[in-house]
2 protein chains.
Amino acid sequence: MSFEESLKRVIGRIEDSLGIALVGMDGIVVEEYKRDSLVDMQSLGAEYCTLLREIDNISLNYGLTKEFSVTTDKIIIILKRINKDYFLVLAIDSEGNFGKSRFLLKRESEVIEKEL
Amino acid sequence: MSFEESLKRVIGRIEDSLGIALVGMDGIVVEEYKRDSLVDMQSLGAEYCTLLREIDNISLNYGLTKEFSVTTDKIIIILKRINKDYFLVLAIDSEGNFGKSRFLLKRESEVIEKEL
């Protein structure tokens, strides 16, 4: 199965999703899929990669960062780490289903991990 | 009601909680309460304050950051913004109840907001 299918499957099941990307720890997007053309998954991938590295540094005593999420007035971003080299980043509307998004990201990250 | 009572109330209701702090946007802890003496709420407050500022900068187009959370192998950290000057930061065990923690933080941040 292609990465694109995995990304579409997550987006397709979350009503208020805006976009999703598979990103390397160099900040470069491997694959992306979006519903809302205004969401820039390339920038998001690069910025969240930098954040993930900082969080990894801060959290050294607590083991590897597996997930992090940011909620603002307008958007929710969820980053799900796949392995030490890749992560998924998902953008949904701030009114979107946070729990379902986390669940789907976790499940799909396991599928993608086998393909990487 | 004192801030300490608010913090104790959150910690008391989350079985796997480790510590909580009320922190200013200067990174300085106003009040803290912890169950696990190994968790350094002062460092956590300062580090997460820096992260929050960075996330605010990244998220400029998406409005103010209201919440963010980090899950590692050993710990979950949830930051809940109270207003532009203060936030709560909660540490729970990685197996702890994430949903309940978010709920209690939201409720208590509204109580604290009135007292600030």
- prompt: Do L90(B) and I11(B) have side chains that get closer than 4.5 Å, going by heavy atoms?
  reply: yes
message: Does K106(B) form a salt bridge (charged side-chain N to carboxylate O under 4.0 Å, His left out) with E110(B)? I'd like the steps, not just the answer.
response: CA-CA 7 Å; K106(B) 184 173 184 299; E110(B) 286 162 6; 3.2 Å; yes
- prompt: Which answer fits S59(A), side chain, backbone, both or neither, if we ask what part of it has an atom under 4.5 Å from a heavy atom of chain B?
  reply: side chain
query: At a heavy-atom separation under 4.5 Å, does E67(A) approach chain B through its side chain, its backbone, both, or neither?
result: both
statement: Heavy-atom closest pair (I55(B) atom, V70(A) atom, distance to 0.1 Å) is CG2-CG1, 3.5 Å
query: Is it the backbone or the side chain of R81(A) that comes under 4.5 Å from a heavy atom of chain B, or both, or neither?
result: neither
- prompt: In terms of heavy-atom proximity below 4.5 Å to chain B, should N61(A) be classed as side chain, backbone, both, or neither?
  reply: backbone
task: Indicate if M41(A) and L79(A) have the same hydrophobic cluster label, given that clusters are the connected sets of ILVMFWY residues with side-chain heavy-atom separations under 4.5 angstrom.
output: yes
